[in-house]
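Presented below is the structure to which this report refers.
Counting from 1, the numbers follow the sequence of the chain as shown. Nothing here was measured: the structure is a model prediction, and the numbers come from that model. Just follow the structure's listing: the first ligand is 1, and inside any ligand the first atom is 1.
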Amino acid sequence: MQYRTLGRTNLKISDVGYGAWGIGKSQWIGADDRESLASLKAARDHGVNFFDTALAYGDGHSEKLINQAFGKDREIVIASKIPPINRVWGIGPGSPIQETFPKKYVLECLDESLSNLGRDQIDLMQFHTWIDDWATDAEWLSTVEKMKKSGKVRFIGISVQSHLPNMVLKGIATGQVDSIQVIHNIFDQSPEDQLFPACEKHNIGVIVRVPFDEGALTGKITPDTQFPEGDFRHFYFSGDRKQEVWEHVQAISEDLNIDIAELPEYALRYCLSFPAVSTVIPGMRNARHVQSNAAASDKGPLSPDIVRKLHAHRWTRNYWQ
Ligand SMILES: NC(=O)c1ccc[n+]([C@@H]2O[C@H](COP(=O)([O-])OP(=O)(O)OC[C@H]3O[C@@H](n4cnc5c(N)ncnc54)[C@H](OP(=O)(O)O)[C@@H]3O)[C@@H](O)[C@H]2O)c1
């Protein structure tokens, strides 16, 4: 396992981290707690020391599983997130922060996360959605100051809205933010345009989420794949989307002359080919996936030639709409 420094924090984190949304069981159907715990422990055994969770993942269930797996082990770096009070993640410009992150509520959520995690302090607390109007908002600045002064939070992060990487450019220039979390993968290359250079300039850590485009870039979603109702992928991959995904994935495999089974490794190494990236956090609910994803770390970044080829597979769309 290779390690990178998370921006200016001095935290040395595994460049393959663990995305803990799926094990929280909300919106993902099919997780089994025993298997999830085994996958968390397998991750640690393979050198993964960075775990990304959120209060919203199963109403604290994901945080509690991480607590169950690791207790107070200080080698484990944990990032969680404050959910919007109105549970609206897609926020338009101009929305007042009080409708999403009122100060009292944020501080209550922080205490709830700490209780779920069984810790007095969390390494990184992220705001689970964001618009840049809030970057200079007095309420937000005072909330962040209170979080840090309380000693309950070491570092502050922002999780950018899906496919809107530039919506945080003002936020990272405030000096208050230590990391951002953003969708970046072979299809959505948009953070490479402005966000990654800005993060390098300000020495902000970058946590890459959804490296497999919710499974599309693992190559296992075929036109016949079915997701149960209640699983968000039933909607996310609805209609002609599975066929579309399959065609794009076939094109990548042909262009790189690789077997579809190798695609997950290439998808992770694509993200790791950008020095701005601190860690990539695939969701992995079983130890088999943990093992193969962790192995991608030691294979390192892709060659510039392969990255150039993959740039031709940029695919701009938003399945959340
Ligand atoms: N801030 C936010 O708003 C936000 C939003 C989304 C995600 N996130 C974070 O980002 C993390 C990653 O995103 P994600 O979990 O949604 O999607 P993802 O990482 O793009 O894809 C996860 C899917 O890939 C499968 N998979 C993982 N490794 C595999 C392998 N080696 N071979 C084949 N399949 C493999 C998983 O299988 P299984 O189903 O078997 O596990 C799962 O179905 C989340 O867990 C969460 O921590 C944050």
(request) Answer side chain, backbone, both or neither: which part of Ile281 comes under 4.0 Å from ligand 1, heavy atoms only. (result) both
(request) Verify whether the ring centers belonging to His163 and Phe187 lie closer than 6.0 Å. (result) no
(message) Within this structure, what is the OG1-CZ distance for the pair Thr129 and Arg87, rounded to the nearest 0.5 Å?
(response) 12.5 Å
(request) Considering the heavy atoms of Arg285, write down every atom of ligand 1 situated less than 4.0 Å from one of them. (result) 38 (P), 39 (O), 41 (O)
(request) Determine whether the aromatic ring centres of Phe227 and Tyr236 lie less than 6.0 Å apart. (result) no
(message) Could you identify the single nearest non-hydrogen protein atom to atom 44 (C) of ligand 1 and state the distance to 0.1 Å?
(response) Trp21 CB, 3.6 Å
(request) Show which atoms of ligand 1 fall inside a sub-4.0 Å distance from at least one heavy-atom site of Gly19. (result) 11 (C), 44 (C), 45 (O), 47 (O)
(message) Check Lys81 with Asp52, please: is the shortest side-chain N to carboxylate O separation under 4.0 Å?
(response) yes
(request) Check Ser162, Cys271, Pro282 against Arg209 for a side chain to side chain contact (heavy atoms under 4.5 Å, CB included) and give me the one that passes. (result) Ser162
(message) For atom 47 (O) of ligand 1, what is the closest protein heavy atom, and at what distance to 0.1 Å?
(response) Asp52 OD2, 2.7 Å
(request) Fit a plane to each ring of Trp134 and Phe101, take the angle between them on a 0 to 90° scale, and name the class: parallel (under 30°), tilted (30 to 60°) or perpendicular (over 60°). (result) perpendicular
(request) Ignoring hydrogens, just give me the one of Trp28, Trp130, Phe212 whose non-hydrogen atom is nearest atom 42 (C) of ligand 1. (result) Trp28
(message) As a check for students: among Gln161, His289, Gln27, identify the option with a heavy atom nearest to atom 33 (C) of ligand 1.
(response) His289
(request) Taking only heavy atoms of His128 into account, list the atoms of ligand 1 that are under 4.0 Å away from them. (result) 1 (N), 2 (C), 3 (O)
(message) If you take the centroid of each ring, where Trp contributes its six-membered ring, are Trp320 and Phe232 closer together than 6.0 Å?
(response) yes
(request) Write down the atom of Ile122, the atom of Ser80, and the distance for their closest heavy-atom approach. (result) CD1-CB, 3.5 Å
(request) Could you list which atoms of ligand 1 come closer than 4.0 Å to a heavy atom of Asn286? (result) 40 (O)
(message) How about CG on Asn10, more than 12 heavy atoms from neighbouring residues, nucleotides or ligands closer than 6.0 Å, or not?
(response) no
(message) Could you identify the single nearest non-hydrogen protein atom to atom 37 (O) of ligand 1 and state the distance to 0.1 Å?
(response) Lys220 NZ, 3.2 Å
(message) Below the 3.5 angstrom mark, is there an N/O of Ser292, backbone or side chain, next to an N/O of ligand 1?
(response) yes
(message) Quick check on contacts: which atoms of ligand 1 are under 4.0 angstrom from a heavy atom of Ala20?
(response) 45 (O), 47 (O)
(request) Looking only at protein heavy atoms, identify the closest one to atom 1 (N) of ligand 1 and say how far it is in Å. (result) Ser159 OG, 2.6 Å
(message) Using modelled atom types and a 3.5 Å cut-off, is there a donor and acceptor pairing between side-chain atoms of Asn286 and backbone atoms of His289?
(response) yes
(request) Is it possible for you to check whether Arg44 lies under 6.0 Å from the centre of the six-membered ring of Phe70, through NZ or CZ, and within 45° of that ring's axis? (result) no
(message) Considering Gln181, Arg209, Glu35, Glu214 one by one, which has a heavy atom nearer to atom 5 (C) of ligand 1 than any of the others?
(response) Arg209
(message) Any atom of ligand 1 sitting under 4.0 Å from a heavy atom of Gln126?
(response) no
(request) Do me a favour and list the nearest non-hydrogen protein atom to atom 19 (O) of ligand 1 with residue, atom name and distance? (result) Gly283 N, 2.9 Å
(message) At less than 4.0 angstrom from any non-hydrogen atom of Asn293, what atoms of ligand 1 do you find?
(response) 27 (C), 28 (N), 29 (C), 30 (C), 31 (N)
(message) Take a 6.0 Å sphere around CG of Asp73 and say whether it holds more than 12 heavy atoms from other residues, nucleotides or ligands.
(response) yes
(message) Checking contacts here: is it the side chain or the backbone of Pro211 that comes within 4.0 Å of ligand 1, counting heavy atoms only? Could be both or neither.
(response) both
(message) Please list, in number order, the atoms of ligand 1 under 4.0 Å from a heavy atom of Arg233.
(response) 43 (O)
(request) Heavy-atom contacts with Lys81 under 4.0 Å: which atoms of ligand 1 show up? List them by number with element. (result) 1 (N)
